[in-house]
Novice: 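Just dropping this structure here.
Each ligand, and each atom within it, is numbered from 1 in the order the structure gives.
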Amino acid sequence: MSTHPNHTTSIFNTFKRAPLSFERGEGVRLFTDDGHEYLDFGAGIAVNSLGHAHPHLVEALTAQASRLWHVSNLYQIPDQEKLGQRLCDNTFADKVFFTNSGAEAMECAIKTARRYHFHNGNPEKIDILTFEGAFHGRTLATIAAGGQEKYLEGFGPKTQGFVQLPFGDADAVKNAINEQTAAILIEPVQGEGGVVPASSGFLKFLRNICDQHGLLLIYDEIQTGVGRTGKFFAYQWSGAAPDIMAIAKGIGGGFPIGACLATKEAAEGMVLGTHGTTFGGNPLAMAVGNAVLDVVLEEGFLEQVQQTALYLRQQLAELADAFPQLIENVRGEGMLLGLKCRASNLDVVDAFRDAGVLSIPAGDNVVRLLPPLVVTIEDIREANNKMHQALGKLSQKTNDGEKK
Ligand SMILES: *Cc1c(COP(=O)(O)O)cnc(C)c1O
């Protein structure tokens with residue numbers, strides 16, 4: 001097993017890395033360089049939507065790689081037009097701007113909202129209402145949008161224009177709106193914050209109040225999008241469509257792609273020269289993005305995801321029932337599921353990993369399970385057996401600890 005203590009490498013020490021190095025992946029499985037096999041129920045943090053080395057994605061990427069990689073946005077990119085159109089055809093949106101990451105997609109969403117009001121003669125409208133527990137990225141603007149002290153500390157003055165409110169609190173939203181308010185920004189299911197879904201009722205309330213006050217509704221579907229919750233986008237469960245939406249993670253299936261989607265009206269201010277990107281929407285990325293949509297938008301694919309996700313949820317509920325001293329409950333939507341822990345979530349993640357299942361910690365002492373959307377019932381059974389063993393051992397340890 002190759003272990004690389006952080007402090008001895010040339011890489012910034014900003015990540016705590018597990019002592020595992022993967023050499024190869026296939027579907028839901030990852031293989032280490034020393035031959036161990038893992039069920040990847042973290043999917044690279046909701047990124048590997050179609051698992052590892054999906055043949056259709058490999059084919060699309062390699063075919064494109066031998067033709068053309070990059071030309072810049074100074075030229076026509078037909079596959080960018082195509083992917084943009086497909087995203088519009090299947091959502092509320094009319095316009096798309098492609099980026100390389102989630103935070104960049106969020107930056108574009110924030111700029112688009114402010115610029116809309118500027119364009120309409122209201123340059124004072126710059127404030128965006130956001131919610132406690134949110135995560136929107138790690139740029140200077142998006143850490144301000146997320147509002148979490150641990151991400152803001154030491155990085156100078158907090159970027160202005162973000163007002164944070166309790167998650168799901170309609171009265172707080174009503175009271176916070178004033179002449180400076182430009183938009184409301186929310187994740188339909190908070191991911192990093194601990195797998196916390198907003199109710200359909202709350203999203204509908206936000207839609208209505210935005211309409212009443214001429215505000216733009218922005219969704220961050222970077223984690224929830226592209227089939228993760230069993231719909232193409234999570235907001236489609238509620239019927240409350242946004243004006244602007246940031247996406248990333250799953251749309252690239254492992255290739256770095258993000259995008260900001262908007263209605264024609266919301267995108268009005270983003271005229272020639274107002275925004276740009278060197279890499280965003282390049283031919284390699286667009287070939288992969290289109291290939292991901294070939295699969296995700298195929299007839300019956302999302303229905304299959306919904307059914308498999310239901311099975312995973314039932315299995316997790318049984319797991320929680322079997323170990324009430326370690327797990328409090330199961331929450332989430334589709335294949336964005338969280339185990340709210342009584343034990344330390346980090347201990348549970350480690351125990352699962354030792355048993356051969358990869359999962360991801362989140363806020364509020366939650367363990368996230370977000371397998372590739374192509375996971376099968378058999379994979380879930382196997383993972384569930386391993387997670388059972390892991391929690392059995394962990395509860396043994398906890399008991400031994402208490403006896404001492
Ligand atoms: C991951 C994530 C981001 C940030 O995306 P990056 O690609 O890491 O910049 C923003 N918002 C949400 C909801 C996310 O899950």
Side-chain angles (χ1 to χ4, degrees), residues 12 14-17 42-49 97-113 128 130-148 150-152 155 159 162 164 167 183-198 203 217-229 233-235 242 244-261 277 279-282 285 288-289 292 331-338 359-364 366-371 373:
F12 270 33
T14 53
F15 281 102
K16 181 172 186 287
R17 294 169 195 269
I45 321 184
V47 166
N48 301 99
S49 43
F97 185 96
F98 285 104
T99 68
N100 312 288
S101 68
E104 280 174 275
M106 270 310 311
E107 288 276 339
C108 182
I110 294 163
K111 287 178 76 174
T112 301
I128 297 181
T130 69
F131 295 95
E132 286 163 15
F135 181 80
H136 298 299
R138 297 296 202 113
T139 62
L140 288 169
T142 54
I143 54 176
Q148 303 221 27
K150 63 179 174 181
Y151 297 145
L152 285 159
F155 294 114
T159 301
F162 299 96
Q164 203 153 47
F167 189 75
I184 300 175
L185 165 60
I186 190 168
E187 298 155 84
V189 182
Q190 286 190 339
E192 304 302 311
V195 190
V196 189
L203 296 181
L217 181 58
I218 308 172
Y219 288 156
D220 179 345
E221 288 232 28
I222 291 166
Q223 189 155 158
T224 52
V226 194
R228 178 53 52 193
T229 70
F233 287 97
Y235 82 83
I244 300 173
M245 182 165 81
I247 75 170
K249 294 203 164 99
I251 182 70
F255 200 95
I257 309 178
C260 174
L261 280 58
T277 170
F279 293 125
N282 92 4
V288 179
V292 169
R331 62 203 200 190
E333 198 80 74
M335 288 205 198
L336 174 48
L337 293 171
S359 61
I360 309 215
D364 198 27
V366 163
V367 171
R368 263 177 295 177
L369 292 149
L370 350 116
L373 306 179

Novice: Among protein heavy atoms, which lies nearest atom 14 (C) of ligand 1, and at what distance?
Specialist: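 Checking every protein heavy atom, the shortest distance to atom 14 (C) of ligand 1 gives K249 NZ, 2.9 Å.
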
Novice: On the 0 to 90° scale, with breaks at 30° and 60°, tag the F167-F131 ring pair as parallel, tilted or perpendicular.
Specialist: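 Answer is perpendicular, since the angle exceeds 60°.
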
Novice: State the atoms of ligand 1, each with its element, that fall below the 4.0 Å cut-off from a heavy-atom position in A103.
Specialist: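 Those atoms are 4 (C), 5 (O), 6 (P), 9 (O).
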
Novice: Are Q223 and E192 linked by a side-chain donor-acceptor pair shorter than 3.5 Å?
Specialist: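 Looking only at side-chain atoms, E192 and Q223 do form a donor-acceptor pair, the distance falling under 3.5 Å.
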
Novice: Side chain or backbone of A248 under 4.0 Å from ligand 1, or both, or neither, by non-hydrogen atoms?
Specialist: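 It is neither; nothing of A248 touches ligand 1.
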
Novice: Which of the numbered atoms in ligand 1 are under 4.0 angstrom from any heavy atom belonging to G137?
Specialist: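 Counting from 1, the qualifying ligand atoms are 4 (C), 10 (C).
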
Novice: Any side-chain heavy atom of E333 sitting closer than 4.5 Å to one from V195?
Specialist: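 No, side chains not in contact.
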
Novice: Name all residues meeting the ring-ring contact (aromatic ring centres under 6.0 Å, His included) criterion together with F233; count only those two or more places apart in sequence or in a different chain, and write none if there are none.
Specialist: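 Here no residue qualifies.
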
Novice: Please check: side-chain N/O of E221 versus main-chain N/O of A234, any donor-acceptor pairing under 3.5 Å?
Specialist: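 Flag set: sc E221 to bb A234 pair under 3.5 Å.
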
Novice: Can any side-chain N or O of Q148 pair as donor or acceptor with the backbone N or O of A134 at less than 3.5 Å?
Specialist: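 Between the backbone of A134 and the side chain of Q148 there is a qualifying donor-acceptor contact (under 3.5 Å).
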
Novice: Of the listed options (H136, R228, R138), which comes nearest to atom 10 (C) of ligand 1 when hydrogens are ignored and any heavy atom counts?
Specialist: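 Result: the heavy atom closest to atom 10 (C) of ligand 1 is in H136.
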
Novice: Look at atom 6 (P) of ligand 1 and say which protein heavy atom is nearest, naming residue and atom and giving the distance to 0.1 Å.
Specialist: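 So the nearest neighbour among protein heavy atoms is G102 N, 3.5 Å.
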
Novice: With side chains defined as the heavy atoms from C-beta onward, is the minimum distance between M335 and L370 less than 4.5 Å?
Specialist: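 Counting from C-beta outward, M335 and L370 never come under 4.5 Å.
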
Novice: Yes or no: does M106 have any heavy atom under 4.0 Å from an atom of ligand 1?
Specialist: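 No; M106 lies far enough from ligand 1 that no heavy-atom distance drops under 4.0 Å.
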
Novice: Can you list the atoms of ligand 1 that are under 4.0 Å from a heavy atom of E187?
Specialist: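 Once the distances to E187 are compared, the set is 13 (C).
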
Novice: Report the nearest protein non-hydrogen atom to atom 11 (N) of ligand 1: residue, atom name, distance rounded to 0.1 Å.
Specialist: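 Ranking protein heavy atoms by distance from atom 11 (N) of ligand 1, first comes D220 OD2, 2.7 Å.
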
Novice: For F155, give me all partners under ring-ring contact (aromatic ring centres under 6.0 Å, His included), at least two apart in sequence or on another chain.
Specialist: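 For F155, no residue satisfies ring-ring contact (aromatic ring centres under 6.0 Å, His included) once neighbours in sequence are set aside.
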
Novice: Can you find a protein heavy atom under 4.0 Å from atom 8 (O) of ligand 1?
Specialist: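 Neighbour list for atom 8 (O) of ligand 1 is empty of protein heavy atoms (cut-off 4.0 Å).
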
Novice: Between I222 and ligand 1, does any nitrogen or oxygen pair lie at a separation below 3.5 Å?
Specialist: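 By distance alone, the answer is no.
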
Novice: Regarding ligand 1, does E104 bring an N or O atom to under 3.5 Å of one of the ligand's N or O atoms?
Specialist: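 N/O-N/O distance under 3.5 Å: no.
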
